[in-house]
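All values derive from a computational prediction rather than experimental measurement. Letters A, B, ... are given to chains in the order of the sequence lines, protein chains preceding strands, and every chain is numbered from 1.
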Protein chains: 2
Amino acid sequence: MRDRVQETANCRGAAHRRQHPDAHTCDLCEARAFNMCNALEPHELERLAAIMSNQRVEAGTTFIEEGAPADDLFNLTAGTVKVFKLLPDGRCQITGFMMAGDFLGLSRGGAYAYSATAVTPVTFCRFQRPQLRGLFNELPKIERQMLGLAMNELMAAQDQMVLLGRKTARERIASFLLTLSDRAVRRGRPGNPVDLPMTRGDIADYLGLTTETVSRSFTQLKTDRVIALKGNHAVEILDLEALEDIAGIDERGELAFDSIA
Amino acid sequence: MRDRVQETANCRGAAHRRQHPDAHTCDLCEARAFNMCNALEPHELERLAAIMSNQRVEAGTTFIEEGAPADDLFNLTAGTVKVFKLLPDGRCQITGFMMAGDFLGLSRGGAYAYSATAVTPVTFCRFQRPQLRGLFNELPKIERQMLGLAMNELMAAQDQMVLLGRKTARERIASFLLTLSDRAVRRGRPGNPVDLPMTRGDIADYLGLTTETVSRSFTQLKTDRVIALKGNHAVEILDLEALEDIAGIDERGELAFDSIA
DNA sequence: GCCTTGCATTGATCCAGGTCAAGGATTGTC
DNA sequence: GACAATCCTTGACCTGGATCAATGCAAGGC
């Protein structure tokens, strides 16, 4: 591994590093319903809480750097994070936007497999790997839950490969909006004025496009009365059916926890 | 879900359906070392073998169809399988080539999340989901092993997103060759004359390109003396370092089973 | 309130890779 | 071993999205 991920390597935007410890209990956690803690009983949750620290980082903070020692695992409880990889020459691909309930910290040979930067202020539970590994033996439920989460992420990754490999710019934008809408609904928030916490540049780096093409595609969908732009960080879906047709459907609901078997 | 996956839906090539039951024991299984059975003791393997059937299908057989009821899970023991998704208009994206040790059968809401077609003659172990689920409770080791496999697949998917979103045709081909070479080595086979069981069209559908562009890129790398074509289904790497430079490295070895924690 | 600064949009132009169209090379079949 | 049937390669041309270059716009600092 080259030292291509420098101190400040950060897909669009400067790196910050402040972190505000800010512990609170799992009882109030809004992400419980869809993260790895989901299946745990109160006393089991206590075991988990004992080995974790609750933290908050500001927007722009890069709290995972590809290639750095993968000491910790993160469980998002609020906010949006972009996960990305950089090519040696600086080209960036965002592999996902993570939200409450998602976990972060995949490692390959002891080093983080990607970088992660907060797009909004973010809170998460932080675990040290050895301690979490220990708990896995006591509470296999966690492992099962994580397998389900990993499978769902894998399916989302496969959808994204179809998008990146075979969809047009217009189709990518449509798919992206529908996916974000779906995820908001699944988290109990309104699905229609779609919230876009990230910049056009981030969207471009996620969809394999450029800022300009993202902007033009938005404008085109607006002209076609399929969407309406509500400032830079929200989009209203005016014609859902048209948007689904453009996207190639596929963004069907169901992310049910089939787990593996 | 529309009925877009017809009886014969099959990313390049006709659908077949013959299957040859051909049971044999796990003792001789060459895929043991890198699949979900890896960690099991002999008596545990017996429990697993009791609920599985061993099958063989010919090249061209589509044995998983996206959208069909996801009754079974598969564990490849030999051969190469292409996993793909189709857009309503027939555009195809291959999301992965699976080999000995890989598992197949991800489901979303009870239906297969993708189609799978044998590229070469293939053998696999087939499990019925309910039975395998039952065994998970008895042998959590399997679940742990699967979590590791899923994590590795997820990281591979993220690398593929970088490739599809940000790499040029030439870079995609270079990355592809290096990845295949690596996987062969990891399975104890020679890494240098790289074996390409799939067609140019399959490679194109995997790399988000067209047959013509794949062919031209091969020719270009050949002209540059980086590779030599050994017929249609093998490539000799003449200048590994150059190929790695073109690929943007990233295909570092290490796919070590860190699992999650 | 003005000024800075970082987005976002829009326009003009370019080019990597797609599309269309022949040919050549393999592979399997009888 | 001749014939299909694929599969692969190469050439000519075209186009969707990238690149280059202004210009708009809105939010925070002072």
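- Between T213(B) and A169(B), the closest heavy-atom pair is CG2-CB, 3.6 Å.
- Here L207(A) lies out of heavy-atom contact (under 4.0 Å) with every strand.
- Phosphate proximity of dG17(D) to T213(A): absent, as no side-chain N or O sits under 4.0 Å from OP1 or OP2.
- No option in R183(B), R186(B), K82(B) other than R183(B) meets the salt bridge (charged side-chain N to carboxylate O under 4.0 Å, His left out) test with D102(B).
- OP1 or OP2 of dT10(C) lies within a sub-4.0 Å distance of a side-chain N or O belonging to T219(A).
- R200(A) places its CZ atom 19 Å from the P atom of dG24(D), with the value rounded to the nearest Å.
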F97(B) and Y206(B): ring pair (Phe, Tyr, Trp, His ring centres under 6.0 Å), yes or no, with the steps?
-> CA-CA 8 Å; F97(B) 291 107; Y206(B) 181 56; 5.0 Å; yes
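- Contact detail for T80(B) and T120(B): the closest heavy-atom pair is N-OG1, 2.9 Å.
- Side-chain contact annotation: S175(B) with K167(B), donor-acceptor N/O pair under 3.5 Å present.
- The nearest whole Å value for the distance from the CD1 atom in I173(A) to the P atom in dG16(D) is 17 Å.
- Between T199(A) and dC7(C) there is no side-chain N or O to OP1 or OP2 distance below 4.0 Å.
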For nucleotides 20-30 of chain C, read 5' to 3', which letter fits each nucleotide if B means a protein heavy atom sits under 4.0 Å from the base, S means only the sugar-phosphate is that close, and - means neither?
-> B----------
